[in-house]
K.L.:
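My questions all concern the structure below.
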Amino acid sequence: IDILIEAYAYLRKEMGCKDAVLVIAGPDDGYLNEAKALADSLRVSDSLMFVGPLYGRDKLAAYVDSDLCVLPPRYETFPMALLEVYACSKPIVASSVGGLRELIMDGEAGLLFEAGNFKQLAEKILFLLNDGDKAVELGRKGRILVEEKYSIDKIVDELEELYMELLNAEPPSSI
């Protein structure tokens with residue numbers, strides 16, 4: 001979250017995007033006070049909201065109301081939030097780490113930035129805020145990706161196939 005707050009401050013102060021509002025949703029994992037102190041020190045507290053964890057319709061409404069979503073982790077495996085963003089046809093900017101690299105396919109279904117590089121993150125955010133057509137295109141491609149690869153029917157079919165392979169597999173030989 002610190003990288004996102006730094007990118008947001010840079011976006012507003014150095015890149016002239018004064019009307020952007022940042023909403024940070026999710027559990028604070030014990031870092032809320034630090035995040036608020038950072039926002040205060042960078043003088044962006046007045047245009048930043050910490051809303052805590054969101055569930056159900058509130059979470060869906062937050063995705064739908066957003067212009068874009070950011071996943072800024074320094075490490076990641078497979079975040080469910082990414083699929084939720086894609087399902088809402090929203091563009092995403094995420095750290096180029098772990099499974100995010102494969103799921104986002106930079107420039108295809110979202111944009112990637114080097115983990116920890118707040119200036120690069122700010123540039124990607126500004127690009128999408130300024131290019132509505134590209135933002136819509138990325139959101140549309142993310143939605144298609146979810147429908148094609150991660151629908152419930154697709155996941156069930158893959159699990160059934162895996163179970164059948166396991167049932168038909170030769171037992172390992174013992175030594």
Side-chain angles (χ1 to χ4, degrees), residues 1-101 103-104 109-132 134-143 145-146 150:
I1 296 302
D2 58 323
I3 300 302
L4 179 56
I5 294 170
E6 289 175 7
Y8 178 64
Y10 186 78
L11 180 72
R12 287 182 55 90
K13 294 177 183 173
E14 304 299 325
M15 302 177 95
C17 194
K18 304 273 187 224
D19 58 346
V21 175
L22 176 62
V23 178
I24 297 178
D28 69 31
D29 294 330
Y31 295 106
L32 182 59
N33 289 335
E34 288 178 39
K36 285 182 175 181
L38 178 60
D40 286 341
S41 72
L42 294 172
R43 297 189 174 128
V44 292
S45 304
D46 59 332
S47 59
L48 187 156
M49 294 185 292
F50 293 95
V51 297
L54 298 174
Y55 304 100
R57 291 181 188 270
D58 291 336
K59 185 188 235 184
L60 178 62
Y63 287 138
V64 170
D65 290 343
S66 67
D67 291 321
L68 62 98
C69 294
V70 177
L71 282 174
R74 289 181 171 87
Y75 59 90
E76 189 63 62
T77 54
F78 188 94
M80 186 57 74
L82 175 63
L83 297 182
E84 293 168 342
V85 170
Y86 279 171
C88 291
S89 300
K90 292 298 176 172
I92 192 160
V93 180
S95 305
S96 181
V97 296
L100 292 174
R101 277 190 293 267
L103 287 168
I104 290 181
L111 300 177
L112 295 171
F113 71 96
E114 180 185 330
N117 188 333
F118 72 88
K119 288 182 182 179
Q120 192 179 65
L121 173 55
E123 290 166 1
K124 303 282 179 157
I125 292 170
L126 185 62
F127 172 75
L128 289 178
L129 291 175
N130 286 335
D131 191 339
K134 184 65 173 180
V136 167
E137 176 189 337
L138 292 176
R140 184 180 52 76
K141 287 182 177 179
R143 174 67 185 235
L145 179 71
V146 165
Y150 300 102

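Sequence positions, counted from 1, serve as the residue numbers for this chain.
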K.L.:
Minimum heavy-atom separation for L11 to A20, with atom names?
P.N.:
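Where L11 meets A20 most closely, the heavy atoms are CD2-CB, 4.3 Å.
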K.L.:
Does any part of the side chain of P72, heavy atoms only, come nearer than 4.5 Å to the side chain of F118, both counted from C-beta?
P.N.:
no
K.L.:
Go through the structure and list residues passing side chain to side chain contact (heavy atoms under 4.5 Å, CB included) with V136, not counting sequence neighbours.
P.N.:
none
K.L.:
So do the side chains of I92 and L138 get within less than 4.5 Å of each other, counting heavy atoms only?
P.N.:
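Not touching, per the 4.5 Å side-chain cut-off.
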K.L.:
Hey, could you give me each pair passing side-chain hydrogen bond (donor to acceptor under 3.5 Å, both in side chains) that has a residue in residues 2-21? Not counting sequence neighbours.
P.N.:
D2-R74, Y8-S47, R12-S47
K.L.:
Could you note down all residue pairs passing side-chain hydrogen bond (donor to acceptor under 3.5 Å, both in side chains) where residues 109-129 supplies at least one of them, sequence neighbours left out?
P.N.:
none
K.L.:
How long is the span from the CG atom in L128 to the CG atom in L111, to the nearest 0.5 Å?
P.N.:
4.5 Å
K.L.:
Where is the tightest heavy-atom contact between P73 and V97, given as atom of each residue plus distance?
P.N.:
O-CG2, 3.9 Å
K.L.:
Could you tell me which residues satisfy side chain to side chain contact (heavy atoms under 4.5 Å, CB included) with K90, sequence neighbours excluded, listed by chain and number?
P.N.:
S66, V85, C88
K.L.:
Working to the nearest 0.5 angstrom, can you tell me the gap between L4 CG and L22 CG?
P.N.:
4.5 Å
K.L.:
Please lay out, stage by stage, how L103 and Y150 fare under the test side chain to side chain contact (heavy atoms under 4.5 Å, CB included).
P.N.:
CA-CA 11 Å; L103 287 168; Y150 300 102; 3.0 Å; yes
K.L.:
Can you name the closest pair of heavy atoms from A7 and A122 and give their distance?
P.N.:
O-CB, 3.5 Å
K.L.:
Please list, chain by chain and in numerical order, all residues satisfying side chain to side chain contact (heavy atoms under 4.5 Å, CB included) with D67, sequence neighbours excluded.
P.N.:
L129
K.L.:
Please list, chain by chain and in numerical order, all residues satisfying side chain to side chain contact (heavy atoms under 4.5 Å, CB included) with A39, sequence neighbours excluded.
P.N.:
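For A39, the residues satisfying side chain to side chain contact (heavy atoms under 4.5 Å, CB included) (neighbours in sequence not counted) are I5, V44, S45, L48.
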K.L.:
Shortest non-hydrogen contact from A87 to V146?
P.N.:
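Reported closest heavy-atom pair: N-CG2, 4.0 Å.
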K.L.:
Distance check, rounded to the nearest 0.5 Å: S89 atom OG versus E137 atom CD?
P.N.:
13.0 Å
K.L.:
Any chance you could measure L54, atom CG, to L60, atom CG, to the nearest 0.5 Å?
P.N.:
11.0 Å
K.L.:
Taking C-beta and beyond as the side chain, do F113 and S96 meet within less than 4.5 Å on heavy atoms?
P.N.:
no
K.L.:
For residues 39-65, which residue pairs qualify under salt bridge (charged side-chain N to carboxylate O under 4.0 Å, His left out), counting only residues two or more places apart or in two chains?
P.N.:
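Of all non-adjacent pairs touching residues 39-65, those that pass salt bridge (charged side-chain N to carboxylate O under 4.0 Å, His left out) are K59-E84.
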K.L.:
State the CG-CD1 distance between L112 and I104, to the nearest 0.5 angstrom.
P.N.:
5.0 Å
K.L.:
So I125 and C17, do their side chains get closer than 4.5 Å, heavy atoms only?
P.N.:
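Heavy-atom side-chain distance check fails, nothing below 4.5 Å.
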K.L.:
Please name the pair of heavy atoms, one in L68 and one in V93, separated by the smallest distance, quoted to 0.1 Å.
P.N.:
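For L68 versus V93, the nearest heavy atoms are CD1-CG2, 4.4 Å.
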K.L.:
Supply the atom-to-atom distance F127 CZ to M15 CE, rounded to the nearest 0.5 angstrom.
P.N.:
12.0 Å
K.L.:
Which heavy atom of Y86 sits nearest a heavy atom of G142, and at what distance?
P.N.:
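Nearest pair, atom of Y86 first, then G142: CB-O, 3.3 Å.
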K.L.:
Among residues two or more places apart or on two chains, list those pairs meeting side-chain hydrogen bond (donor to acceptor under 3.5 Å, both in side chains) that have a residue in residues 23-36.
P.N.:
none
